[in-house]
Amino acid sequence: MLSSFTHQLGQRFDQLFTEARIERLEHLIIGFAIGGFLAHMALITWARVFDPPFLASLNTNYLSALYTPFSFVLFYEVLLLILAIPNSTSASLGRQYEIISLIVLRNVFKDIANLEDLEGIGDVESLAQLFEEYSALIDVLVDMGGGLLMFLLVAVFYHIRHRQATLVAAFQRTINRDRQAEYISRKKVVALGLTGLLFVLATYNLGQWSLDAYRIAFEGATATVDIKTIFYLDLFTVMIFSDVLILLFSMMRIEDYKLVFRNAGFIVSTILLRLSLSIKKPFDVELALVAMAFGVLVLLVYGYFRRIDAAQQQNSLLLT
(Lines give C-alpha, C1' and ligand atoms only; values in the text may rest on other atoms or scores of the structure.)
Protein backbone atom coordinates (compact mmCIF):
# COMPACT_ATOMS: atom_id res chain seq x y z
CA MET A 1 0.00 0.00 0.00
CA LEU A 2 2.70 2.45 1.08
CA SER A 3 4.89 1.36 -1.82
CA SER A 4 2.09 2.05 -4.30
CA PHE A 5 1.45 5.49 -2.79
CA THR A 6 5.17 6.31 -2.97
CA HIS A 7 5.26 5.21 -6.60
CA GLN A 8 2.28 7.44 -7.45
CA LEU A 9 3.92 10.47 -5.82
CA GLY A 10 7.12 9.66 -7.71
CA GLN A 11 5.17 9.70 -10.97
CA ARG A 12 3.61 13.01 -9.95
CA PHE A 13 7.11 14.42 -9.50
CA ASP A 14 8.03 13.33 -13.03
CA GLN A 15 4.86 14.94 -14.42
CA LEU A 16 5.42 18.24 -12.65
CA PHE A 17 9.10 18.70 -13.43
CA THR A 18 9.48 17.97 -17.11
CA GLU A 19 12.35 19.56 -19.03
CA ALA A 20 9.95 21.94 -20.79
CA ARG A 21 8.49 23.22 -17.50
CA ILE A 22 11.91 23.67 -15.94
CA GLU A 23 13.02 25.64 -18.98
CA ARG A 24 9.93 27.89 -18.76
CA LEU A 25 10.58 28.42 -15.07
CA GLU A 26 14.16 29.38 -15.85
CA HIS A 27 12.97 32.02 -18.31
CA LEU A 28 10.48 33.30 -15.72
CA ILE A 29 13.15 33.66 -13.05
CA ILE A 30 15.47 35.41 -15.51
CA GLY A 31 12.62 37.84 -16.18
CA PHE A 32 12.21 38.46 -12.45
CA ALA A 33 15.98 38.96 -12.13
CA ILE A 34 15.99 41.58 -14.88
CA GLY A 35 12.93 43.30 -13.39
CA GLY A 36 14.44 43.28 -9.90
CA PHE A 37 17.71 44.69 -11.19
CA LEU A 38 15.98 47.55 -13.03
CA ALA A 39 13.75 48.28 -10.02
CA HIS A 40 16.77 48.42 -7.70
CA MET A 41 18.57 50.77 -10.09
CA ALA A 42 15.45 52.97 -10.25
CA LEU A 43 15.26 53.16 -6.45
CA ILE A 44 18.92 54.16 -6.22
CA THR A 45 18.38 56.88 -8.84
CA TRP A 46 15.31 58.12 -6.97
CA ALA A 47 17.26 58.21 -3.70
CA ARG A 48 20.16 60.10 -5.33
CA VAL A 49 17.97 62.70 -7.08
CA PHE A 50 15.12 63.34 -4.61
CA ASP A 51 16.59 62.00 -1.33
CA PRO A 52 13.23 60.87 0.15
CA PRO A 53 13.34 60.15 3.91
CA PHE A 54 12.07 56.56 3.58
CA LEU A 55 15.07 55.68 1.34
CA ALA A 56 17.62 57.19 3.71
CA SER A 57 18.99 53.75 4.66
CA LEU A 58 19.30 52.60 1.01
CA ASN A 59 22.83 52.11 -0.29
CA THR A 60 23.03 54.60 -3.16
CA ASN A 61 26.04 52.98 -4.80
CA TYR A 62 24.84 51.56 -8.14
CA LEU A 63 27.09 48.53 -7.64
CA SER A 64 24.83 47.37 -4.82
CA ALA A 65 22.08 46.75 -7.41
CA LEU A 66 24.07 43.76 -8.70
CA TYR A 67 23.08 41.92 -5.53
CA THR A 68 19.40 41.73 -6.53
CA PRO A 69 19.50 39.71 -9.80
CA PHE A 70 22.04 37.36 -8.27
CA SER A 71 19.53 36.53 -5.52
CA PHE A 72 17.03 35.32 -8.15
CA VAL A 73 19.75 33.21 -9.78
CA LEU A 74 20.46 31.64 -6.38
CA PHE A 75 16.79 30.77 -5.92
CA TYR A 76 16.84 28.92 -9.24
CA GLU A 77 20.01 27.07 -8.16
CA VAL A 78 18.23 25.99 -4.98
CA LEU A 79 15.36 24.61 -7.04
CA LEU A 80 17.83 22.68 -9.23
CA LEU A 81 19.42 21.34 -6.04
CA ILE A 82 16.09 19.87 -4.94
CA LEU A 83 15.35 18.46 -8.39
CA ALA A 84 18.76 16.73 -8.39
CA ILE A 85 17.93 14.72 -5.24
CA PRO A 86 16.32 11.73 -7.04
CA ASN A 87 19.22 11.46 -9.50
CA SER A 88 22.20 11.15 -7.19
CA THR A 89 23.22 11.98 -3.63
CA SER A 90 26.59 13.23 -4.84
CA ALA A 91 24.92 15.40 -7.51
CA SER A 92 22.74 16.93 -4.80
CA LEU A 93 25.79 17.69 -2.65
CA GLY A 94 27.54 19.22 -5.66
CA ARG A 95 24.58 21.56 -6.08
CA GLN A 96 24.87 22.55 -2.41
CA TYR A 97 28.52 23.45 -3.00
CA GLU A 98 27.50 25.51 -6.01
CA ILE A 99 24.94 27.41 -3.94
CA ILE A 100 27.42 28.19 -1.16
CA SER A 101 30.00 29.42 -3.67
CA LEU A 102 27.37 31.63 -5.33
CA ILE A 103 26.30 33.02 -1.94
CA VAL A 104 29.92 33.98 -1.24
CA LEU A 105 30.28 35.53 -4.69
CA ARG A 106 26.98 37.39 -4.24
CA ASN A 107 28.35 38.88 -1.03
CA VAL A 108 31.15 40.44 -3.09
CA PHE A 109 28.57 42.48 -5.01
CA LYS A 110 27.08 43.73 -1.76
CA ASP A 111 30.35 44.44 0.06
CA ILE A 112 32.09 46.03 -2.90
CA ALA A 113 29.53 48.85 -2.78
CA ASN A 114 31.04 49.80 0.61
CA LEU A 115 34.38 50.57 -1.06
CA GLU A 116 33.05 53.82 -2.49
CA ASP A 117 34.55 55.83 0.38
CA LEU A 118 38.02 54.30 0.19
CA GLU A 119 39.23 57.07 -2.14
CA GLY A 120 39.76 59.41 0.80
CA ILE A 121 41.32 56.82 3.05
CA GLY A 122 44.58 58.77 3.23
CA ASP A 123 42.76 61.63 4.95
CA VAL A 124 41.36 59.46 7.72
CA GLU A 125 42.84 60.50 11.06
CA SER A 126 41.13 58.12 13.43
CA LEU A 127 42.64 54.64 13.65
CA ALA A 128 39.18 53.23 14.33
CA GLN A 129 37.84 54.77 11.13
CA LEU A 130 40.91 53.57 9.23
CA PHE A 131 40.35 50.02 10.43
CA GLU A 132 36.67 50.20 9.50
CA GLU A 133 37.48 51.32 5.96
CA TYR A 134 40.11 48.63 5.51
CA SER A 135 37.80 45.97 6.94
CA ALA A 136 35.39 46.57 4.05
CA LEU A 137 38.23 45.91 1.61
CA ILE A 138 39.29 42.80 3.52
CA ASP A 139 35.72 41.45 3.40
CA VAL A 140 35.68 41.78 -0.38
CA LEU A 141 39.10 40.13 -0.76
CA VAL A 142 38.12 37.24 1.56
CA ASP A 143 34.92 36.59 -0.40
CA MET A 144 36.72 36.85 -3.74
CA GLY A 145 39.50 34.47 -2.71
CA GLY A 146 37.15 32.09 -0.93
CA GLY A 147 34.71 32.07 -3.83
CA LEU A 148 37.49 31.25 -6.28
CA LEU A 149 38.74 28.36 -4.12
CA MET A 150 35.19 27.06 -3.83
CA PHE A 151 34.84 27.25 -7.61
CA LEU A 152 37.96 25.07 -7.85
CA LEU A 153 36.69 22.57 -5.26
CA VAL A 154 33.37 22.23 -7.09
CA ALA A 155 35.31 21.44 -10.28
CA VAL A 156 37.44 18.85 -8.44
CA PHE A 157 34.32 17.30 -6.87
CA TYR A 158 32.59 16.88 -10.24
CA HIS A 159 35.81 15.60 -11.84
CA ILE A 160 36.14 12.87 -9.21
CA ARG A 161 32.44 12.05 -9.54
CA HIS A 162 32.80 11.72 -13.32
CA ARG A 163 35.85 9.46 -12.94
CA GLN A 164 33.86 7.19 -10.63
CA ALA A 165 30.82 6.91 -12.91
CA THR A 166 31.79 3.51 -14.33
CA LEU A 167 32.56 2.04 -10.90
CA VAL A 168 29.33 3.34 -9.40
CA ALA A 169 27.31 2.01 -12.35
CA ALA A 170 28.88 -1.44 -11.88
CA PHE A 171 28.00 -1.33 -8.17
CA GLN A 172 24.39 -0.30 -8.86
CA ARG A 173 23.95 -3.29 -11.19
CA THR A 174 24.46 -5.53 -8.17
CA ILE A 175 21.49 -3.95 -6.37
CA ASN A 176 18.02 -5.45 -6.62
CA ARG A 177 16.14 -3.49 -9.30
CA ASP A 178 12.87 -3.36 -7.36
CA ARG A 179 14.65 -1.96 -4.31
CA GLN A 180 16.48 0.55 -6.47
CA ALA A 181 13.22 1.73 -8.08
CA GLU A 182 11.58 2.05 -4.67
CA TYR A 183 14.57 4.01 -3.37
CA ILE A 184 14.37 6.46 -6.28
CA SER A 185 10.60 6.87 -5.77
CA ARG A 186 11.16 7.70 -2.11
CA LYS A 187 13.76 10.30 -3.03
CA LYS A 188 11.26 11.83 -5.47
CA VAL A 189 8.73 12.08 -2.65
CA VAL A 190 11.33 13.88 -0.53
CA ALA A 191 12.11 16.21 -3.43
CA LEU A 192 8.40 16.89 -3.96
CA GLY A 193 7.97 17.84 -0.31
CA LEU A 194 11.09 20.01 -0.35
CA THR A 195 9.84 21.84 -3.45
CA GLY A 196 6.65 22.85 -1.65
CA LEU A 197 8.65 23.81 1.43
CA LEU A 198 11.03 25.85 -0.73
CA PHE A 199 8.24 28.13 -1.93
CA VAL A 200 6.79 28.39 1.59
CA LEU A 201 10.19 29.39 3.00
CA ALA A 202 10.78 31.85 0.15
CA THR A 203 7.37 33.48 0.70
CA TYR A 204 7.80 33.64 4.49
CA ASN A 205 11.32 35.08 4.35
CA LEU A 206 10.30 37.60 1.67
CA GLY A 207 7.50 38.72 4.00
CA GLN A 208 9.95 39.00 6.91
CA TRP A 209 12.37 41.04 4.82
CA SER A 210 9.59 43.32 3.51
CA LEU A 211 8.34 43.96 7.04
CA ASP A 212 11.88 44.68 8.21
CA ALA A 213 12.44 47.08 5.29
CA TYR A 214 9.15 48.90 6.07
CA ARG A 215 10.09 49.38 9.73
CA ILE A 216 13.53 50.70 8.77
CA ALA A 217 12.10 53.14 6.20
CA PHE A 218 9.09 54.50 8.08
CA GLU A 219 9.72 53.80 11.77
CA GLY A 220 13.48 54.32 11.95
CA ALA A 221 14.01 50.83 13.32
CA THR A 222 17.29 48.96 13.01
CA ALA A 223 17.65 45.94 10.72
CA THR A 224 16.77 42.60 12.31
CA VAL A 225 17.07 40.43 9.18
CA ASP A 226 20.49 39.51 7.77
CA ILE A 227 19.96 39.74 4.01
CA LYS A 228 23.09 37.65 3.37
CA THR A 229 21.77 34.52 5.08
CA ILE A 230 17.97 34.97 5.10
CA PHE A 231 16.22 31.88 3.68
CA TYR A 232 19.44 29.88 3.26
CA LEU A 233 19.85 29.11 6.97
CA ASP A 234 16.42 27.48 7.05
CA LEU A 235 17.04 25.76 3.73
CA PHE A 236 20.28 24.07 4.77
CA THR A 237 18.75 23.06 8.11
CA VAL A 238 15.97 21.28 6.21
CA MET A 239 18.53 19.74 3.86
CA ILE A 240 20.35 18.16 6.81
CA PHE A 241 17.21 16.30 7.92
CA SER A 242 16.26 15.32 4.37
CA ASP A 243 19.79 13.96 3.82
CA VAL A 244 19.46 11.86 6.99
CA LEU A 245 16.12 10.53 5.72
CA ILE A 246 17.67 9.62 2.37
CA LEU A 247 20.56 7.92 4.19
CA LEU A 248 18.04 5.73 6.05
CA PHE A 249 16.29 4.95 2.76
CA SER A 250 19.63 3.87 1.25
CA MET A 251 20.25 1.53 4.21
CA MET A 252 16.88 -0.12 3.51
CA ARG A 253 18.03 -0.68 -0.08
CA ILE A 254 21.40 -2.28 0.70
CA GLU A 255 23.74 -2.67 3.66
CA ASP A 256 27.07 -1.40 2.37
CA TYR A 257 29.60 0.15 4.74
CA LYS A 258 31.27 2.24 2.05
CA LEU A 259 27.99 3.73 0.79
CA VAL A 260 26.73 4.44 4.31
CA PHE A 261 30.00 6.16 5.25
CA ARG A 262 29.97 8.22 2.05
CA ASN A 263 26.39 9.42 2.58
CA ALA A 264 27.01 10.10 6.28
CA GLY A 265 30.13 12.08 5.34
CA PHE A 266 28.03 14.11 2.91
CA ILE A 267 25.65 14.93 5.77
CA VAL A 268 28.58 16.13 7.89
CA SER A 269 29.62 18.36 4.99
CA THR A 270 26.09 19.79 4.78
CA ILE A 271 26.05 20.48 8.54
CA LEU A 272 29.33 22.39 8.25
CA LEU A 273 27.91 24.37 5.33
CA ARG A 274 24.90 25.25 7.48
CA LEU A 275 27.15 26.42 10.32
CA SER A 276 29.23 28.51 7.91
CA LEU A 277 26.16 30.60 7.13
CA SER A 278 25.68 31.59 10.77
CA ILE A 279 29.20 32.70 11.78
CA LYS A 280 31.08 35.89 11.02
CA LYS A 281 33.69 36.58 8.39
CA PRO A 282 36.33 35.33 7.70
CA PHE A 283 35.45 32.13 9.58
CA ASP A 284 32.30 31.60 7.50
CA VAL A 285 34.30 31.28 4.29
CA GLU A 286 36.99 29.17 5.98
CA LEU A 287 34.45 26.72 7.43
CA ALA A 288 32.65 26.43 4.08
CA LEU A 289 35.97 25.61 2.41
CA VAL A 290 36.67 22.94 5.06
CA ALA A 291 33.19 21.47 4.47
CA MET A 292 33.74 21.29 0.72
CA ALA A 293 37.25 19.86 1.06
CA PHE A 294 35.89 17.19 3.42
CA GLY A 295 33.20 16.23 0.90
CA VAL A 296 35.78 16.00 -1.88
CA LEU A 297 37.99 13.72 0.24
CA VAL A 298 35.06 11.50 1.22
CA LEU A 299 34.13 11.06 -2.44
CA LEU A 300 37.77 10.38 -3.34
CA VAL A 301 38.17 7.68 -0.68
CA TYR A 302 34.82 6.15 -1.66
CA GLY A 303 36.08 5.79 -5.23
CA TYR A 304 39.26 4.19 -3.92
CA PHE A 305 37.17 1.60 -2.06
CA ARG A 306 35.17 0.87 -5.20
CA ARG A 307 38.36 0.31 -7.18
CA ILE A 308 39.52 -2.17 -4.52
CA ASP A 309 36.19 -4.02 -4.82
CA ALA A 310 36.45 -4.09 -8.62
CA ALA A 311 40.03 -5.44 -8.45
CA GLN A 312 38.99 -8.15 -5.97
CA GLN A 313 36.09 -9.23 -8.19
CA GLN A 314 38.39 -9.40 -11.20
CA ASN A 315 40.91 -11.50 -9.28
CA SER A 316 38.11 -13.84 -8.15
CA LEU A 317 37.06 -14.34 -11.77
CA LEU A 318 40.64 -15.12 -12.79
CA LEU A 319 41.01 -17.68 -10.01
CA THR A 320 37.83 -19.58 -10.93
Side-chain angles (χ1 to χ4, degrees), residues 36-37 40-41 43-44 47-48 55-74 77-78 96-157 205 209 212-213 216 222-236 269-296:
F37 176 63
H40 197 162
M41 293 285 286
L43 281 175
I44 292 174
R48 280 173 172 255
L55 292 179
S57 59
L58 180 70
N59 190 329
T60 56
N61 189 330
Y62 282 111
L63 290 174
S64 64
L66 298 174
Y67 190 85
T68 300
F70 223 74
S71 298
F72 285 100
V73 173
L74 267 172
E77 285 290 328
V78 170
Q96 293 183 51
Y97 290 165
E98 290 179 16
I99 290 170
I100 288 293
S101 64
L102 287 173
I103 289 174
V104 171
L105 192 63
R106 185 188 65 166
N107 292 341
V108 174
F109 295 130
K110 182 174 179 59
D111 294 336
I112 204 170
N114 297 326
L115 299 180
E116 187 178 33
D117 298 327
L118 287 181
E119 295 176 358
I121 199 168
D123 300 327
V124 177
E125 297 178 358
S126 169
L127 289 177
Q129 289 177 323
L130 182 64
F131 177 76
E132 184 178 350
E133 296 290 351
Y134 271 123
S135 66
L137 177 60
I138 291 172
D139 286 348
V140 173
L141 294 177
V142 167
D143 284 335
M144 287 173 61
L148 185 60
L149 287 175
M150 290 177 187
F151 190 40
L152 175 61
L153 285 173
V154 170
V156 172
F157 184 86
N205 283 282
W209 176 82
D212 197 52
I216 293 171
T222 56
T224 58
V225 174
D226 185 358
I227 195 171
K228 292 183 179 181
T229 58
I230 185 175
F231 170 67
Y232 297 103
L233 282 173
D234 295 334
L235 173 71
F236 274 88
S269 182
T270 301
I271 292 173
L272 293 178
L273 291 177
R274 163 62 176 81
L275 292 175
S276 72
L277 292 171
S278 57
I279 59 178
K280 294 183 179 180
K281 202 177 305 301
F283 303 107
D284 57 343
V285 176
E286 293 175 356
L287 185 58
L289 286 170
V290 169
M292 294 173 71
F294 179 76
V296 168

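Going from atom CG of L74 over to atom CD1 of I100 covers 9.5 Å, rounded to the nearest 0.5 Å. Taken from OH in Y67 to NE2 in H40, the straight-line distance is 10.5 Å, to the nearest 0.5 Å. Separation of atoms CG (D143) and NZ (K281) is listed at 3.5 Å; rounding is to 0.5 Å. To the nearest 0.5 Å, atoms CG (L273) and CD1 (I99) are separated by 10.0 Å. Note that CZ of F157 is 14.0 Å distant from CG of L152, once rounded to the nearest 0.5 Å. Of the inter-residue distances, the one linking N61 atom CG with I44 atom CD1 reads 7.0 Å to the nearest 0.5 angstrom.
Residues forming a side-chain hydrogen bond (donor to acceptor under 3.5 Å, both in side chains) with T270 (at least two apart in sequence, or on another chain): Q96, D243. Considering only residues two or more places apart in sequence or on other chains, F236 meets the ring pair (Phe, Tyr, Trp, His ring centres under 6.0 Å) condition with none of them. Take F109 and apply the ring pair (Phe, Tyr, Trp, His ring centres under 6.0 Å) test, not counting sequence neighbours, and it matches F70. Evaluation of the side-chain hydrogen bond (donor to acceptor under 3.5 Å, both in side chains) rule for E98 yields R95, Y158 as partners, not counting sequence neighbours. For F37, the ring pair (Phe, Tyr, Trp, His ring centres under 6.0 Å) test picks out no residue, with sequence neighbours left out.
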Take F231 and V78 through the side-chain contact (heavy atoms from CB on, under 4.5 Å) test and state the conclusion after the steps. CA-CA 11 Å; F231 170 67; V78 170; 4.3 Å; yes
Derivation of the side-chain contact (heavy atoms from CB on, under 4.5 Å) call for Y97 and M150: CA-CA 8 Å; Y97 290 165; M150 290 177 187; over 6 Å; no
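When every heavy atom of S269 is checked against every heavy atom of A291, the shortest pair comes out as OG-O, 2.8 Å. Across all their heavy atoms, D284 and S276 have their closest contact at CB-O, 3.0 Å. Smallest separation of non-hydrogen atoms from G146 and V285: CA-CG1, 3.5 Å. Across every non-hydrogen atom of A47 and L58, the tightest pair is CB-CD2, 4.1 Å.
The list of salt bridge (charged side-chain N to carboxylate O under 4.0 Å, His left out) pairs with a residue in residues 59-70, not counting sequence neighbours, is empty.
F283 CZ: 12 or fewer foreign heavy atoms inside a 6.0 Å radius.
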